[in-house]
Amino acid sequence: MFSTHIPYELLPKTILASKCLVVYICRNPLDQFISHRHFLIENRIEKNVEPLDIDEAFEMFCKGIHPFGPFWDHMMGYWQASLNNSRKVLFLKYEDLKEDIVFSVKKIAEFIGFHLSEEEEKHGVIEQISRLCSFENLKNLEVNKLGKTRVIQNSSYFRKAEVGDWTNYLSPSMAERVEELMQMKLRGSGLMFNSYCKDSS
Ligand SMILES: *[C@@H]1O[C@H](CO)[C@@H](O)[C@H](O)[C@H]1NC(C)=O
Ligand SMILES: *[C@@H]1O[C@H](CO)[C@@H](O)[C@H](O)[C@H]1NC(C)=O
């Protein structure tokens with residue numbers, strides 16, 4: 001088992017040809033932008049170089065300038081793949097996981113062919129798995145508090161894990177811009193995110 005950020009189109013052909021299963025988790029783009037920004041700033045190699053200011057970074061994000069490509073292409077690649085072959089690719093949203101972890105754990109278990117018996121469900125196995133994999137539990141593991149992989153502090157993978165934290169950093173007009181971008185780029189695909197600019201509608 002391994003994790004990666006690379007776009008679907010760039011996955012090695014052996015992954016697609018093998019029996020390897022793909023679980024894709026995407027996050028709403030605004031939280032993703034803020035999360036990635038914190039990660040980059042915390043792990044920047046040249047600590048004395050000022051990071052891009054947030055407006056400039058946001059401008060690049062909206063233009064699709066990003067180490068893993070534009071967010072809309074990234075999502076759509078895995079989204080289309082999951083529609084085309086739902087036994088190979090499972091598409092999940094971070095927000096759904098946060099809302100109902102039990103439902104999502106069950107879904108993942110079924111997808112990987114690990115069916116939980118009624119007995120196991122009754123005994124709270126799903127809740128136990130959810131607790132083991134929870135943000136709080138993982139964040140507090142020794143390896144994630146103190147470990148390091150080359151220049152990256154493991155602890156920087158665990159920040160807040162909150163839906164909607166972008167509201168503390170981005171303006172309503174920035175959110176509107178991303179919303180418009182998504183409406184344009186994801187149109188007709190069936191992929192949708194909850195509206196961010198409820199006040200403006
Ligand atoms: C769709 O899935 C089939 C296998 O079910 C595969 O052969 C084909 O390449 C896929 N097409 C796309 C566009 O992903
Ligand atoms: C955390 O750090 C350790 C080494 O200190 C490393 O072996 C491990 O793979 C890292 N974990 C993650 C999730 O990067």
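Each ligand, and each atom within it, is numbered from 1 in the order the structure gives. This chain uses plain numbering: 1 for the first residue, then up along the sequence.
The closest protein non-hydrogen atom to atom 13 (C) of ligand 2 is Asn144 OD1, 4.4 Å. Of the protein's non-hydrogen atoms, the one nearest atom 4 (C) of ligand 2 is Lys148 O, 3.3 Å. The protein non-hydrogen atom at the shortest distance from atom 9 (O) of ligand 2 is Thr149 OG1, 4.3 Å.
The residues Lys185 and Asp73 are annotated as not salt-bridged, no charged nitrogen and carboxylate oxygen being separated by less than 4.0 angstrom. Salt-bridge annotation for Lys106 and Glu121: present, with a side-chain N of the basic residue lying under 4.0 Å from a carboxylate O of the acidic one. Salt-bridge formation is not detected for the pair Glu127/Arg131: no Lys NZ or Arg NE/NH1/NH2 atom is positioned less than 4.0 Å from an Asp or Glu carboxylate oxygen.
For the atom pair CE of Met182 and CG of Leu186, the computed distance is 6.5 Å after rounding to the nearest 0.5 Å.
Between Tyr157 and ligand 2, no N or O atom pair is found at a separation short of 3.5 Å. Taking only nitrogen or oxygen atoms, main chain and side chain alike, Asn154 reaches within less than 3.5 Å of ligand 2.
Closest heavy-atom contact between Arg87 and Phe111: O-CE1, 3.5 Å. Annotation for Phe193 and Cys26: closest pair CZ-SG, 3.6 Å, computed over non-hydrogen atoms.
Of the protein's heavy atoms, at least one falls inside 4.0 Å of atom 2 (O) of ligand 2.
Close approach of ligand 2 to Val143 (heavy-atom distance below 4.0 Å) involves ligand atoms 1 (C).
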